[in-house]
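Working notes, beginning with the structure itself.
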There are 2 protein chains.
Amino acid sequence: MTQSDDRQPQREAMPCSTCCQMAGAWPECAPAGQALGAPGIEASQRLVRLRKGEFLYLLGDPVTSIYAIRVGSIKTHVTTEDGRTQVVAFHFPGDMVGLDSLVRPHYASYATALEDTKLCLFTVDALRLAAATLAPLGRQLLQALDGQLQRAREVQTMLALMTAEERLVTFLLWLADGLALRGFSSSAFVLRMSREEIGSYIGLTLETVSRQLSRLAEGGLITVRHRTITLLDKPALRAIAARATILAHAPAPRLRRAGGASAPAQG
Amino acid sequence: MTQSDDRQPQREAMPCSTCCQMAGAWPECAPAGQALGAPGIEASQRLVRLRKGEFLYLLGDPVTSIYAIRVGSIKTHVTTEDGRTQVVAFHFPGDMVGLDSLVRPHYASYATALEDTKLCLFTVDALRLAAATLAPLGRQLLQALDGQLQRAREVQTMLALMTAEERLVTFLLWLADGLALRGFSSSAFVLRMSREEIGSYIGLTLETVSRQLSRLAEGGLITVRHRTITLLDKPALRAIAARATILAHAPAPRLRRAGGASAPAQG
DNA sequence: CGAGGAGTTGACTTTGTTCAATCCCCGTGG
DNA sequence: CCACGGGGATTGAACAAAGTCAACTCCTCG
């Protein structure tokens, strides 16, 4: 392999136009309010530089902007109650970073540079303004889409680091919370799906699902009769699920230093 | 438990207005082009009824509409090359179904009723029209968001049913494909992340990642030197990953009848 | 050149899967 | 009204895959 073919691609500078194409049909990273298609939008084209290990943003920070990577790479990650770190995505040149937080007031993850990285910054004011011009429909779509992405990432985290018991309890609580949201009893309900379907969703076999349900019942935390479930001790259940639940307004992540600047500054 | 509290909530009829609130700030399910916020949009308010086990749509079908659940519940699922089924989401009253396919020409999953279900139908023509009126920015956002959702679901599926080897190979191929997209060599590249970070992403420990890399190298499929990876036998690698890869323009799913067919029928 | 983080490798343990037998509703039909 | 059949669910035992703990090597960075 020659250098030309074996080079370290991500380190190669990439013209912004290229990165922006990648990001979708972004206009040049240079100011281009026009191209954004909504009147009055300033693309407020700033360039951000990060060194390896530095944070682009922290979970819980107010969402001020989203980014497109020009050069380098970024990981977005979360931490769990018990201190484990879960990488939810890797981002490479052309990818958007922070998109999953667009419709939120606070970032839903940490973003850390895996190497020296340059990004185009788009102020969220501009984007929100654009969003405001969207049909309400569009906003709702965005909102709903974001909700589904969020849930998918929760599942992702669940599958990556929860035990069978934790997964099942988490799943039951999701159902309960869903029912509560809709104004129904959240402590007694009927499963609409088979053990097999549950297992498929949370990455277990139907036997394991069944066994775990039995164990929880033995422990007096729930009652199981066919597909009718009663949650007897929600605090205890939440405690189990919490072990590997994503911290929402979290403390500091541990992986890597944050280069001082944006660092959570804990040692 | 009394009936009043222990009733089967999801079976309860729910006024459409309620379901629509749930779905975001959807207008009444009754015709309300106005409320959609874009001129000329017909909400083309149709109601769809499904009986338990029926499909709402199939993977690969042209995307004609998306739905909001009024009563009932839906699972969306995919199948893998080797015939396993993976549930990617459960949807309950108020949830949107098919949203993840909005920006695509074909549905990216199957949607099956878990019980008798009623849904509000929104023709995608109307939605696309709305999308067309969005700033190009908005469309790109939608596109990018959808891309991230898709990837999250791929990870979800990977975590739920792939072995360590399959996960790692899939991950390497994702990296390679990403590089190829960006015009770089896709057979030799440098990992930007540690074994630990890879492991976190694909749900393995760093030791397992290391071991699997070694095994693949032993087998002559790849070369590993520190963080420099060379893919020597991509067909073989693809074959490994394919075992549990989501079928794109798939045949029929086996779980439940769709009016006739049933069980996985293999064994 | 030294220190320390990253990576590899091995031995052992744990967790969940697999295979298989059995149970239990529930709906059907006698 | 009750027997029967069948799919979903439960449970057990053996097994396998990945995790854990630990020792050791090798770069890389300072």
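The sequence lines fix the lettering, A, B, ..., with proteins before strands; numbering per chain opens at 1.
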query = On a plain distance test, is the side chain of B:Arg227 in donor-acceptor contact with the base of C:dG7 below 3.5 Å?
reply = no

query = What's the spacing between A:Asp116 CG and A:Leu50 CG if we round to 0.5 Å?
reply = 9.0 Å

key: Base D:dT11 paired with A:Arg215 side chain (donor-acceptor, <3.5 Å)   = no

ask   = Could you give the CD-to-P distance, from B:Glu207 to D:dC21, as a whole number of Å?
value = 10 Å

key: The single option from B:Glu54, B:Lys52, B:His77 passing side-chain hydrogen bond (donor to acceptor under 3.5 Å, both in side chains) against B:Thr112   = B:His77

query = Considering heavy-atom distances to DNA chain D, does A:Val224 or B:His226 have its closest nucleotide positioned more toward the 5' end?
reply = A:Val224

message = So for A:Arg211 and D:dG12, does any side-chain atom that can act as donor or acceptor lie under 3.5 Å from a complementary atom in the base?
response = yes

request  = Could you tell me whether a side-chain N or O of A:Asp177 sits under 3.5 Å from a main-chain N or O of A:Trp174, the two making a donor and an acceptor?
outcome  = no

note = Taken to the nearest 0.5 Å, the spacing of B:Arg49 CZ from B:Lys118 NZ works out to 4.5 Å

query = Quick one: is D:dA9 close enough that its OP1 or OP2 comes under 4.0 Å of any side-chain N or O from A:Arg195?
reply = yes

remark   = Taken to the nearest whole Å, CG/A:Leu206 to P/C:dT18 is 10 Å

task = Enter the inter-axis angle for the ends of the helix from C:dC1-D:dG30 to C:dG30-D:dC1 (five pairs per end, rounded to 10°).
result = 40°

ask   = So what does A:Thr208 hit on the nucleic acid, given a heavy-atom distance under 4.0 Å: a base, only sugar-phosphate, or nothing?
value = base

query = Measuring from A:Glu207:CD to A:Gln212:CD, what's the distance to the nearest 0.5 Å?
reply = 12.5 Å

Integer-rounded Å distance: D:dG8 P and B:Glu115 CD = 16 Å

message = Can you measure A:Leu114 atom CG to C:dA6 atom P for me and round it to whole angstrom units?
response = 13 Å

query = Hey, does the side chain of A:Thr205 come within less than 4.0 Å of C:dT17's phosphate (OP1/OP2), counting only N and O?
reply = yes

request  = Any chance you could measure A:Arg70, atom CZ, to A:Leu119, atom CG, to the nearest 0.5 Å?
outcome  = 10.0 Å

request  = Under 4.0 Å between any heavy atoms, over every strand shown, what does A:Gly199 touch: base, sugar-phosphate, or nothing? Just pick one.
outcome  = nothing

ask   = Just how far, in rounded Å, is C1' of D:dA18 from CD of B:Glu196?
value = 17 Å

inquiry  = For B:Tyr57 and B:Tyr110: C-alpha separation, side-chain torsions, deciding distance, then whether ring-ring contact (aromatic ring centres under 6.0 Å, His included) applies.
reply    = CA-CA 6 Å; B:Tyr57 53 76; B:Tyr110 300 90; 8.6 Å; no

task = For the residue pair A:Lys75 and B:Ser200, confirm or rule out a side-chain donor-acceptor distance under 3.5 Å.
result = no

ask   = Charged N to carboxylate O below 4.0 Å: is that the case for B:Arg182 and A:Asp95?
value = yes

query = To the nearest Å, how far apart are A:Gln212 CD and D:dT10 C1'?
reply = 13 Å

key: Closest nucleotide among D:dC27, D:dG19, C:dG7 to the B:Leu204 side chain   = D:dG19

request  = Assess the pair A:Phe189 and A:Phe184: is the distance between their ring centroids shorter than 6.0 Å?
outcome  = no

inquiry  = When you measure from the side-chain N and O atoms of A:Ser210 to the phosphate of D:dA9, is any distance below 4.0 Å, counting only OP1 and OP2?
reply    = no

task = Check each residue of residues 154-167 of chain A for a non-hydrogen atom within less than 4.0 Å of any atom in DNA chain C, then write out the ones that pass by number, or none.
result = A:Thr163, A:Ala164

query = Please give, in whole Å, the distance from D:dT28 C1' to B:Arg225 CZ?
reply = 14 Å

ask   = Please give, in whole Å, the distance from C:dT17 C1' to A:Ile202 CD1?
value = 14 Å

